[in-house]
Amino acid sequence: MNDKHDAQQQRDWLWLAIIAGIGLALRAAVIAGFQHVPEGDELAYRSMALNLLGGNGIVDSMGNRAMYNVGYPLLILAPVFFLFGDDLLAVRLVNMCLGGAAIMLCYLVAKEAGAGRSGRLIAAAAWALYLPSGIYGIYLAKENLMIPLMLGVMWCALRLARQPSKTVAAGCGVLFGLLALTGNAALSLLAVLAWALLLSPASTVRRASLAMLALSVALVISGPWLLRNMQVIGAPVLNTNGGFNLYLGNNPAATGMFISISETPRGSTWDALRKTGEVQASETLKQEAISWVKAHPAAFLALAAKKAAYFWTPPLHAGKGNQSPAEKLVRLLWAIQFLLLIAGAIGTVLMPRLRNRQVALLWLALACYTGVHMLFYVIFRYREPMMPVLAVMTGLVLESFVTSRRQAAHPAR
């Protein structure tokens, strides 16, 4: 029996290796075939890493010292630039490896969510073949790091819900600490961890101790950056873009999507406000956003609902400039893949056998991550870290569907 089980596991890992290889090949093809010059946030991350290596400290391209999340430039760009120089190809190859890790993690998360052999492999394949997961690898974008970290958190939460463990809780703390540095929106998954611990077969005292362990480890990881910011900018914050982003999403000109601050009432005075310092500028914008929300509660709620709709709007928009036939085809395939993953997520609600605690945790992650963006604004790229969860749901649904059909075709006698 053990020999048969071991042989099955070896076949599963072989199939997973094949799927990961296909995913890596897709990402390599994108690197070879697409030309992209860093812009926007990419320039800030690149500058932060290069300034650090140049002995100037962590400073972005606009002179800010904590405006952007430090995780991606510190953990990915700086080591790559240290070893290979300012080499975009080297960074993209590392992004490709992060993509490969995410494919493997989709398999593991699906397993913890209750998927069988086929469901796990479908989840991995869905993410391996999802076009944006390959295309975003050419960008110097923090999402490349956030995706495997968030999948790791989901694996830990699902495991803790079934089998409480100090090791898993500590590992979850490490991941949350890294996410605190990399992307604040991912901290919304703390609600998933809390719910997982409430579901776990453990005493109240043990649940509390595991929660404290995870939070303590997360603080140990992120603490040095908080202390650095206290010394450098005068406030123990993870970054200074919170008030800025809150204002962009909540002001008289807000649309729900990203807009430039020059398009807001603050546009003409932004340069002067920046000179008061990062912390003061962020606090001023935060208070102005809160004041607008208090004065226009109905408009705020309507705008929040619009943001949720934008966040999950199918990618039917056109790209920048004139599109080649190849780009049009890629965008069409992307839209089809997106709709299939959305259908997979909805399918978990429609299938009674998938209405369980593990799937509920996946839905809670979707709700929390969507909810945090309803407070700020939407860029389509921001939803990419949550798309692997939809891949896992799709694996569960397709496997359940096939199992139901088999049972219907061969009822027990």
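Everything numeric here is computed off the predicted structure, so don't read it as measured data.
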Test side chain to side chain contact (heavy atoms under 4.5 Å, CB included) applied to Arg65 and Asn229, Ile233, Asn239, the passing residue: Ile233
Trp127/Ile147 under side-chain contact (heavy atoms from CB on, under 4.5 Å): CA gap, chis, key distance, verdict: CA-CA 11 Å; Trp127 186 244; Ile147 288 170; 3.8 Å; yes
Minimum heavy-atom distance Leu341-Met387, with the two atoms named: CD1-CE, 3.8 Å
Met146 CE to Thr182 OG1 distance, which is reported to the nearest 0.5 Å: 7.5 Å
Side chain Arg266, main chain Ser262, donor-acceptor under 3.5 Å: no
Test salt bridge (Lys or Arg N to Asp or Glu O under 4.0 Å) applied to Glu399 and Arg117, step by step: CA-CA 9 Å; Glu399 180 183 58; Arg117 175 174 177 265; over 6 Å; no
Short side-chain to backbone donor-acceptor contact, Asp60 and Met62, under 3.5 Å: yes
N/O donor-acceptor pair under 3.5 Å between Asn144 side chain and Tyr139 backbone: yes
Ring centers of Trp270, Phe244 separated by less than 6.0 Å: yes
Donor-acceptor pair, side chain of Ser400 and main chain of Val397, under 3.5 angstrom: no
Main-chain N/O of Leu158 paired to Gln163 side chain as donor or acceptor, under 3.5 Å: no
Single hit among Ile379, Val378, Asn245 for side chain to side chain contact (heavy atoms under 4.5 Å, CB included) with Phe258: Ile379
Of Leu88, Leu89, Leu26, the residue whose pairing with Ile31 passes side chain to side chain contact (heavy atoms under 4.5 Å, CB included): Leu89
Close side-chain approach of Pro265 and Tyr247, heavy atoms under 4.5 Å: yes
Distance-only side-chain donor-acceptor flag, Tyr130 / Trp334, under 3.5 Å: yes
Sequence neighbours excluded, every pair satisfying salt bridge (Lys or Arg N to Asp or Glu O under 4.0 Å) that has a member inside residues 199-215: none
Flag, side chain of Lys307 to backbone of Thr255, donor-acceptor distance under 3.5 Å: no
CG on Leu210 to OG on Ser200, rounded to 0.5 Å: 7.0 Å
Leu390 side chain near Trp312 side chain, heavy-atom distance below 4.5 Å: yes
Under 3.5 Å donor-acceptor, Glu278 side chain and Thr240 backbone: no
Thr348 versus Arg355, side-chain donor and acceptor atoms under 3.5 Å: no
Asn69 backbone acceptor or donor facing Lys142 side chain under 3.5 Å: no
Sequence neighbours excluded, every pair satisfying side chain to side chain donor-acceptor pair (under 3.5 Å) that has a member inside residues 49-58: Ser47-Asn51, Asn51-Asn56
Nearest non-hydrogen partners of Gly173 and Val217, listed with the distance: C-CG1, 3.7 Å
Which atom of Leu364 lies closest to which atom of Val192, heavy atoms considered: CD2-CA, 3.8 Å
Student check: side-chain heavy atoms of Met374 and Lys306 closer than 4.5 Å: no
Tyr107 vs Trp13, ring pair (Phe, Tyr, Trp, His ring centres under 6.0 Å): CA-CA, chis, key distance, verdict: CA-CA 10 Å; Tyr107 176 92; Trp13 284 109; 5.6 Å; yes
Modelled atom types, side-chain donor and acceptor of Gln280 and Thr284, under 3.5 Å: yes
Over 12 foreign heavy atoms within 6.0 Å of CH2, Trp195: no
Steps toward side-chain contact (heavy atoms from CB on, under 4.5 Å) verdict (Leu193, Val153): CA-CA 8 Å; Leu193 172 62; Val153 164; 5.8 Å; no
Heavy-atom closest contact (Leu362 atom, Val392 atom, distance): CD1-CG1, 4.0 Å
Donor + acceptor pair across side chains of Asn95, Tyr72 (<3.5 Å): yes
Evaluation steps, side-chain contact (heavy atoms from CB on, under 4.5 Å), between Arg383 and Leu366: CA-CA 10 Å; Arg383 70 186 172 204; Leu366 291 177; over 6 Å; no
Interatomic distance, Leu175 atom CG to Cys156 atom SG [nearest 0.5 angstrom]: 5.0 Å
Distance (rounded to the nearest 0.5 Å) between Ile103 CD1 and Leu108 CG: 12.5 Å
Separation of Leu329 CG from Leu332 CG (nearest 0.5 Å): 6.5 Å
Pairwise distance CG(Leu285) to CD1(Ile290) - rounded to 0.5 angstrom: 11.0 Å
Ionic contact status for Asp86 with Arg46, cut-off 4.0 Å: yes
Arg92 and Asp87: CA distance, side-chain angles, deciding distance, salt bridge (Lys or Arg N to Asp or Glu O under 4.0 Å) verdict: CA-CA 9 Å; Arg92 288 164 180 166; Asp87 189 337; over 6 Å; no
Parallel, tilted or perpendicular: ring planes of His373 versus Tyr382, cut at 30 and 60 degrees: tilted
Pairwise side-chain contact, Thr394 with Leu340, heavy-atom cut-off 4.5 Å (strictly under): no
Shortest non-hydrogen contact from Ala365 toward Leu189: CB-CD2, 3.8 Å
Sidechain-backbone polar pair: Asn356 side chain, Gln358 backbone, donor-acceptor under 3.5 Å: yes
Smallest separation among heavy atoms of Ala196 and Leu361, with atom names: N-CD2, 3.9 Å
Worked verdict on Leu375 versus Phe300 for side-chain contact (heavy atoms from CB on, under 4.5 Å): CA-CA 9 Å; Leu375 298 175; Phe300 166 72; 4.1 Å; yes
Glu384/Arg381 salt bridge by N-O under 4.0 Å criterion: no
